[in-house]
Amino acid sequence: MVRDLRAELVGRSFASVTVLRADIWRTPLAEMLPSLLPGERIVAVERRGKYILVELQSGDHLMVHLGMTGHLLVCEAAAPLARHTHFRATLDDGRELRFDDVRRFGRLAYGARPALEDAGVLPALGLEPLTAGFSQEAFDGLMRRTTRTVKAALLDQAGIAGLGNIYIDEACFLAGVRPTRRCHRLTRAQRAALRAAIQAVLVKAIANRGSSVDDYRDIWNARGSHQDALQVYGRGGEPCFRCGRALKRTVVAGRTTVFCSHCQR
DNA sequence: AACGAGTCCTGATCGC
DNA sequence: TGCGATCAGGACTCGT
């Protein structure tokens, strides 16, 4: 999404702004946005973990977290509104950037990045799994110093940023590691396999433009295709693609978790 | 430190 | 056809 947004938005300026729902904002600026945002040129679109950051010429940022069902859309101003559209901003080329979210777990914020960080609106996040900082040494350090389950540790955005329920189950399957395993008990080989699997799963899912298991759509409302490549997520009770045995479905760290008890140890 | 439960929401699906 | 229970890509808070 960020790559698509970057290609569409960088260099454009915001024109008018409409806040249809103010309570999804983490900063008390919703009513001031119509005076703050118009005229601002977009200079960059970045991502930190699951947070999307649209950087403006003034140094302020429009921050977006999609939650479960949040969606950013770039469309013509005349395009019909999605049922749960909460924010729309026109661009200087006549198009609009819109945010819609059925469940309203998504959050928007506006402000200078240090201010967003100080307020905890943009929380402290861990390693970016597709950067050099996600070294085997760094990953080993994280795993060796905690007794939590692998699932819980990978869900924790303060350790590694950006992994969610789908890709954690997928990475564990690819690595042959049970999500219920305790981090500090993983072997060196398992840690290496897990780190490689996390990266491989993310790279593939991004290449496939995301997993449209249900609501996910890109900024043009198109579906991704990675849902067709998922090995375990959503397949509880169905045969493992590797060994043919029925996949187990349980709850780990409060989240539905699917794994193969034969292929994952 | 770690974990479970509860909370925030709407909508799809399923059993009766 | 209707109705209630259950569940869903996330992430807080609170109590143990």
Side-chain angles (χ1 to χ4, degrees), chain A residues 1-2 20-27 47-52 63-72 81-87 99-109 116-117 119-126 129 141-173 179-185 198 201-202 204-206 208-219 221-237 249-258:
Chain A
M1 282 197 99
V2 166
L20 292 93
R21 227 194 140 102
D23 61 3
I24 57 168
W25 289 78
R26 292 288 307 271
T27 43
R47 179 193 58 73
R48 182 75 178 95
K50 297 174 185 174
Y51 292 81
I52 297 166
M63 194 196 85
V64 183
H65 190 299
L66 299 174
M68 297 272 249
T69 54
H71 176 222
L72 284 170
L81 273 193
R83 258 193 294 284
H84 299 279
T85 300
H86 307 312
F87 173 76
F99 175 76
D100 63 85
D101 187 3
V102 174
R103 292 180 70 181
R104 278 187 272 138
F105 290 165
R107 287 294 177 260
L108 303 184
L116 295 174
E117 290 171 355
V121 168
L122 177 56
L125 297 168
L142 276 178
M143 293 295 107
R144 292 178 67 178
R145 71 165 169 258
T146 181
T147 62
R148 316 155 86 180
T149 60
V150 167
K151 179 85 179 206
L154 298 187
L155 280 167
D156 183 359
Q157 303 297 301
I160 301 166
L163 297 177
N165 203 31
I166 294 179
Y167 299 135
I168 290 171
D169 279 11
E170 293 298 307
C172 285
F173 175 78
T180 50
R181 278 294 298 280
R182 299 283 158 172
C183 292
H184 68 300
R185 295 203 191 286
I198 288 167
V201 162
L202 292 178
K204 201 167 209 174
I206 292 166
N208 285 335
R209 302 191 57 78
S211 303
S212 297
V213 169
D214 195 3
D215 304 308
Y216 176 74
R217 298 292 184 275
D218 70 16
I219 66 168
N221 255 342
R223 299 167 66 92
S225 64
H226 196 70
Q227 65 279 5
D228 300 327
L230 296 176
Q231 302 293 296
V232 288
Y233 178 82
R235 299 194 61 246
R249 182 183 191 269
T250 57
V251 174
V252 184
R255 310 297 301 278
T256 296
T257 300
V258 181

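Worth saying up front: this structure is predicted, and the values here are computed from it rather than measured. Each chain gets a letter, A, B and so on, in the order the sequences are listed, and its residues count up from 1.
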Would you please name every residue forming a side-chain hydrogen bond (donor to acceptor under 3.5 Å, both in side chains) with A:Arg107, sequence neighbours left out?
none
Across the strands shown, which category fits A:Arg145 at heavy-atom distances under 4.0 angstrom: base, sugar-phosphate, nothing?
nothing
What does A:Val102 touch in the nucleic acid at a heavy-atom separation under 4.0 angstrom: a base, only the sugar-phosphate, or nothing?
sugar-phosphate
For A:Phe99, enumerate each residue passing the ring-ring contact (aromatic ring centres under 6.0 Å, His included) test, keeping only those at least two apart in sequence or located in another chain.
none
N/O (side chain, A:Thr256) to phosphate O (OP1/OP2, C:dA8) under 4.0 Å:
yes
First contact, last contact: which nucleotides of DNA chain B are these for chain A, 5' to 3', heavy-atom distance under 4.0 Å?
B:dA2 to B:dG11
Taking atom P of C:dC7 as reference, at what distance in whole Å does atom OH of A:Tyr233 sit?
13 Å
Side-chain touch A:Arg255/A:Lys151, heavy atoms, less than 4.5 angstrom:
yes
Assign B:dG4 to syn or anti; the rule is syn for a glycosidic angle within 90° of 0 and anti otherwise.
anti
Any N/O pairs under 3.5 Å between the protein and nucleotides 10-13 of chain C? List them or say none.
from	atom 1	to	atom 2	distance (Å)
C:dG10	OP1	A:Lys50	NZ	2.9
C:dG10	OP2	A:Asn165	N	3.4
C:dG10	OP2	A:Arg255	NH1	2.8
C:dG10	OP2	A:Arg255	NH2	2.2
C:dA11	OP1	A:His65	NE2	2.8
C:dA11	OP2	A:Lys50	NZ	3.0

Kindly indicate whether the side chain of A:Asp101, heavy atoms from C-beta on, has any atom under 4.5 Å from the side chain of A:Ile24.
no
Please state the P separation for the pair B:dG4 and C:dA8 - nearest whole angstrom.
16 Å
Heavy atoms, side chains only, cut-off 4.5 Å: are A:Val150 and A:Pro179 in contact?
no
The ring-ring contact (aromatic ring centres under 6.0 Å, His included) partners of A:Tyr51 (sequence neighbours excluded) come to A:His65
Distance (rounded to the nearest 0.5 Å) between A:Asn208 CG and A:Arg223 CZ:
13.0 Å
I want to confirm an ordering. Mapping A:Arg83 and A:Ala253 to their closest nucleotides on DNA chain B, which one lands closer to the 5' end?
A:Ala253
Between B:dC8 and C:dC3, how far apart are the two P atoms, rounded to whole Å?
24 Å
Can you run through DNA chain B from 5' to 3' and write each base as (, ), [, ], | or . depending on how it pairs? Watson-Crick or G-U wobble, both distances under 3.5 Å.
.|||||||.|||||||
Integer angstrom distance from the P of C:dA11 to that of B:dG11:
22 Å
The reported gap from CG in A:Leu81 to CG in A:Leu20 (rounded to nearest 0.5 angstrom) is 7.0 Å
Have a look at A:Tyr167 and say if it touches a base, only the backbone sugar-phosphate, or nothing, with a 4.0 Å heavy-atom cut-off.
nothing
C1' gap between C:dG2 and B:dC9, integer Å:
23 Å
Output for pair (A:Lys50 NZ, A:Gln157 CD), nearest 0.5 Å, gives 4.0 Å
Any side-chain heavy-atom pair of A:His71 and A:Asp215 under 4.5 Å
no
Rounded to the nearest 0.5 Å, the CG atom of A:Leu154 sits from the SG atom of A:Cys183 at a distance of 6.5 Å
